[in-house]
Chemist: 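Here it is: the structure, laid out below.
In this chain, residues are counted from 1 in sequence order. Computed from a prediction, not measured in an experiment: that's the story for all the values here.
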Amino acid sequence: MAFLKTILFILLFYYLFKIVAKWFAPNILRYAAKKTEAHFKEKMNDFSQQNTVKEDPIGDVIIDKKTTKKRSNSKKVGEYIDFEEVE
């Protein structure tokens, strides 16, 4: 009899959880979507403020050059040997 009560409680809990989830899941998802939207808006505002701070006057030409690291061929692959053909 205890086994049947356990099975009954498990099924009751399962169906009760499904019904409650149908009621509250849309509200929970809507809340999560609003929080995510607010987070993205905040990040976009921060990004746009970073870009607008560094405005240059019209007519000025500024060239930003990245420093390039010169590659040196210090690797020794092998020794060059000049062969001559012998007849």
Chemist: CG/Asp46 to NZ/Lys41 distance, rounded to the nearest 0.5 angstrom?
Modeler: 14.0 Å
Chemist: Is there side-chain contact between Tyr14 and Lys18, with at least one heavy-atom pair below 4.5 Å?
Modeler: yes
Chemist: For the NE2 atom of His39 and the CD atom of Glu42, what is their distance to the nearest 0.5 Å?
Modeler: 7.0 Å
Chemist: If two hydrophobic side chains count as joined below 4.5 Å and joins carry through other members, does Ile28 share a cluster with Ile19?
Modeler: yes
Chemist: Got a second to check how far Thr36's OG1 is from Tyr31's OH, nearest 0.5 Å?
Modeler: 10.0 Å
Chemist: Say you draw a straight line from CG of Leu11 to OG1 of Thr6; how long is it, rounded to the nearest 0.5 Å?
Modeler: 11.0 Å
Chemist: Mind listing the closest non-hydrogen atom pair of Pro26 and Ala21 along with its distance?
Modeler: CD-O, 4.2 Å
